[in-house]
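For reference, the structure is listed below as C-alpha cells.
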Amino acid sequence: QVQLVESGGGLVQAGGSLRLSCAASGRTVSSYAMAWFRRTPEKERDLVAGISWNGGTTYYADSVKGRFTISRDNVKNTVYLQMNSLKPEDTAIYYCAVSRFTNSYTRPEHFSSWGQGTQVTVSS
C-alpha cells in the first residue's frame with residue numbers, strides 16, 4: 001500500500017505562487033499516472049491536473065491552464081504542482097492521488113490511493 005503526503009500549502013495573496021509536493025512511500029509510483037485534485041464546499045472532488053507515468057503527457061482543467069504546471073520526479077517518488085497567478089477561486093484542499101494505470105489520470109475511479117490533502121487559501 002502506498003502512502004501519499006502532500007505539503008506546500010498555505011495562505012497567499014491573489015497573484016502569488018505556491019508549489020505543492022506529494023511524496024509517496026511504501027512502494028514506488030514511477031510506473032503509474034498521478035494527479036492533483038481539489039475539494040471545496042461546493043465541489044467534493046475536482047480534477048486539477050494529471051500526469052502520465054513518465055511525465056510525457058499531462059492534463060489540466062480549463063480553470064488552471066496556463067497557470068498551473070504538474071511535474072514528477074520518479075527518482076524521488078514525488079509529484080509537484082506549481083501554481084502561479086493564484087486566484088481566490090483556487091482556494092481549496094488539494095490532494096494527490098496515484099492511478100492504477102500508467103496513462104490514465106482523468107477518471108477518479110482509476111485512482112487507488114489518495115493523500116490527506118493540504119490547504120491552499122488565496123486572499124483577494
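Positions are given from 1, in the same order as the sequence printed here.
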Next on the checklist: side chain to side chain contact (heavy atoms under 4.5 Å, CB included) for Leu11 and Gln119? Distances and angles first, verdict last.
Outcome noted: CA-CA 8 Å; Leu11 173 64; Gln119 176 71 48; over 6 Å; no
Checklist entry - Restricting to pairs with a member in residues 6-16, which pass side-chain hydrogen bond (donor to acceptor under 3.5 Å, both in side chains), not counting sequence neighbours? => result none
Checklist entry - At their closest point, which heavy atom of Phe111 faces which heavy atom of Ala97, and how far apart are they? => result CD2-CB, 3.5 Å
Next on the checklist: Applying side-chain hydrogen bond (donor to acceptor under 3.5 Å, both in side chains) as the test, list every pair that has at least one member in residues 106-115; sequence neighbours left out.
Outcome noted: Ser104-His110, Arg107-Glu109
Checklist entry - Under 4.0 Å between a Lys/Arg side-chain N and an Asp/Glu carboxylate O for Asp90 and Lys87? => result no
Checklist entry - If you look at every heavy atom in Ala14 and Ser124, which pair is closest and at what distance? => result CB-CA, 4.3 Å
Checklist entry - What's the shortest heavy-atom distance between Asn77 and Ser25, and which atoms? => result ND2-N, 4.5 Å
Checklist entry - What closest approach, in Å, do Gly55 and Arg72 show between heavy atoms, and which atom pair accounts for it? => result N-CD, 4.0 Å
Item to check | Greater than 12 external heavy atoms within 6.0 Å of Gln3's CD | outcome: yes
Next on the checklist: Looking at every heavy atom in both Arg38 and Ala92, which two are closest together, and how far apart are they?
Outcome noted: CB-CB, 3.7 Å
Checklist entry - For Tyr105 and Ala35, which heavy atoms make the closest approach, and how far apart are they? => result O-CB, 4.0 Å
Item to check | Thr78 (side chain) donor-acceptor with Lys76 (main chain) under 3.5 angstrom | outcome: yes
Checklist entry - Taking the side chain from Ser99 and the backbone from Ala33, do they hold a donor-acceptor pair closer than 3.5 Å? => result no
Checklist outcome for this item: Contacts of Gln82 meeting side chain to side chain contact (heavy atoms under 4.5 Å, CB included) (sequence neighbours excluded), chain-then-number -> Ser17, Arg19, Thr69, Asn84
Checklist entry - Could you give the distance from OG (Ser31) to CZ (Arg100), rounded to the nearest 0.5 Å? => result 16.0 Å
Checklist entry - With sequence neighbours left out, what residues match Asn54 under side chain to side chain contact (heavy atoms under 4.5 Å, CB included)? => result Ser52
Checklist entry - Which ILVMFWY residues can you reach from Tyr60 by hopping between side chains whose heavy atoms are under 4.5 Å apart? => result Val2, Leu4, Val12, Leu18, Leu20, Val29, Tyr32, Met34, Trp36, Val48, Ile51, Val64, Phe68, Ile70, Val79, Leu81, Met83, Leu86, Tyr94, Val98, Val120, Val122
Checklist entry - side chain to side chain contact (heavy atoms under 4.5 Å, CB included) with Thr102: which residues, sequence neighbours excluded? => result Trp53
